[in-house]
Q: 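Below is the structure I would like to discuss, written out as structure tokens.
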There are 2 protein chains.
Amino acid sequence: MTHLMNRYLHSTRLLVAIDCIIFGFDGEEIKLLLIKRNFEPEKGKWSLMGGFVKEEEDLEVGAERILYELTGLDNIYVEHLQTYGKVNRDPVERTISVVFFALINIHAHDQESVRAHNAQWISLKNAPKLIFDHDRMVENALERLRYKAALHPIGFELLPEKFTIPQLQKLYEAIYDMRLDRRNFSRKILSTGLLIDTGEKNENSATKKAILYRLDKQKYESKFNAFWYFMPESS
Amino acid sequence: MTHLMNRYLHSTRLLVAIDCIIFGFDGEEIKLLLIKRNFEPEKGKWSLMGGFVKEEEDLEVGAERILYELTGLDNIYVEHLQTYGKVNRDPVERTISVVFFALINIHAHDQESVRAHNAQWISLKNAPKLIFDHDRMVENALERLRYKAALHPIGFELLPEKFTIPQLQKLYEAIYDMRLDRRNFSRKILSTGLLIDTGEKNENSATKKAILYRLDKQKYESKFNAFWYFMPESS
DNA sequence: ATTAAATGTGTCATTTCGACACAATAATAG
DNA sequence: CTATTATTGTGTCGAAATGACACATTTAAT
């Protein structure tokens, strides 16, 4: 008969937190949704939004709970980044932090809830010092975003449903902090076949109104995990 | 005066495990170092090598400890993959698993130690069913390896210090499970300038002996984090 | 010496990429 | 009502990279 165990003995149990990096894009810059803590520990300082894992809750579910609590949004793009576990990262007590990052349309969240949590959108470049190792988390999340956005059509998660090619270009320029050539960018993006011309134009323009596109969800889904840009197509 | 805390109250503490995916390459196939468990739980079944995090031990240090225990190697390539925390992933008791993967030269480990742990190199393609969610961990690690190897010169970690271009090609073919053209591969690899001709040749060949190269460590270090193949070089 | 298998190098047409020119659109100023 | 200015859409061209493929060289085995 098989030996059954009820519990692992002599093993240390640790606090497990979840922290979330929330990226947004205002048309010019990449922004972070940060909270000015009105609670201990580190009250008065800036940090990521976080919380503790509940006893009967999956990690992903915990992340979604925390994101919903702050933004009122669900069904958003969330991806597990990595886990931070240095012994002294939290001076109060040893805590393992499982970190997720989310991409949201900056105009779509619940303003009221954000205010209630003392949260604010702050440009990535001017972000204040954050508590513990949260700065490193943000740094790593940006690296991951850069990877991901280069290989997969992920940037759309940061834009409204309908967007123009110049808007998309500004997004990529913000993500990679580099200027791109208008014409080459347009050619490259259109050649993916992922954009559908809605027939509408951006009426908020003071000059020539740009064409509004939307993402071809079908192609997006089918291409998402199929992008091995780097390996040869054949042979 | 600042409020000081001693401990987080009312928060659940959980078991934290570390599991390691260990990749090797035998010249033909990608292999995994797996253990046939001679201990509970799940005794007799196959799994990744793992252990629990110690009270005063960083996660990375824990991973290195576990890898050293099995292979006798330190200073090897180790990277944090992600963390698995589904409530019921371990039937014994809820356990969060922080997962790392390692790339090692398959001929360089301590045979004795591997035997003592009941471990074996098993081809990725013929790997047995593993316990818990270890199969998914391997799957995700392979995806990550494919990403990484495409963008960074990481494959060398799986080869001996001196290697031939045909050997390197077989490695890439194994990682991506696709055939590559000899001549185009050679051109592409040599154009990176990362390979140094040692002047020696592979004497183990029954036909034309291939040139043995070694990695240019200097260029490797400086290029490692600078590979944005996908974004334009300028403008 | 011949053969067979593997390696090193070269060619060529096609595609992609980066740099740049020009025309079209729309609000605003005179 | 026309000129101006800022922005957008599209095209061109040479250079570089890519994929397909040919040929000569090396080495052990026959």
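Lettering follows sequence order; numbering is per chain, from 1.
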Q: Rounded to whole angstroms, how far apart are CD on B:Q167 and C1' on C:dA6?
A: 13 Å

Q: Just how far, in rounded Å, is P of D:dT8 from CG of A:D181?
A: 13 Å

Q: Parallel under 30°, tilted from 30 to 60°, perpendicular over 60°: which one fits the rings of A:H80 and B:H80?
A: perpendicular

Q: Any ion pair linking A:K125 and A:E29 (charged N to carboxylate O, less than 4.0 Å)?
A: no

Q: Using 30° and 60° as the class limits, which term best fits the ring planes of A:H134 and A:F132: parallel, tilted or perpendicular?
A: perpendicular

Q: Can you tell me the distance, in whole Å, between the CZ atom of B:R182 and the C1' atom of D:dA22?
A: 11 Å

Q: NA contact type, A:I165, heavy-atom cut-off 4.0 Å: base, sugar-phosphate, or nothing?
A: nothing

Q: Let me know the distance between CD1 of A:I189 and P of D:dT8, rounded to the nearest Å.
A: 15 Å

Q: Mind calculating the distance between CD1 (B:I211) and P (D:dT27) to the nearest angstrom?
A: 11 Å

Q: Apply side chain to side chain donor-acceptor pair (under 3.5 Å) to B:Q82 and list each qualifying residue two or more places apart in sequence or on a separate chain.
A: none

Q: Choose from D:dC21, D:dT8, C:dT7 the nucleotide whose nearest atom is closest to any side-chain atom of B:N184.
A: D:dC21

Q: Report yes or no: is there a donor-acceptor pair, N or O only, under 3.5 Å between the side chain of A:R187 and the base of C:dG18?
A: yes

Q: Is any side-chain N or O of A:R183 under 3.5 Å from a base N or O of D:dG9, one able to act as donor and the other as acceptor?
A: no

Q: Roughly how many Å is it from NZ in B:K188 to C1' in D:dA20, rounded to a whole number?
A: 15 Å

Q: Measure CG/A:L168 against P/D:dT7 and give the value in whole Å, please.
A: 18 Å

Q: Can we say A:K170 and A:E173 salt-bridge, meaning some charged N sits less than 4.0 Å from an Asp/Glu carboxylate O?
A: no

Q: Rounded to whole angstrom units, what separation is found between the CE atom of B:M178 and the P atom of D:dG19?
A: 10 Å

Q: Taking protein heavy atoms under 4.0 Å as touching, what does nucleotides 25-30 of chain C look like 5' to 3' if B marks base contact, S marks sugar-phosphate-only contact and - marks none?
A: BSS---

Q: Please enumerate all residues that pass side chain to side chain donor-acceptor pair (under 3.5 Å) together with A:Q120, with sequence neighbours excluded.
A: none

Q: Looking at side-chain heavy atoms only, is the closest gap between A:L124 and A:I30 below 4.5 Å?
A: yes

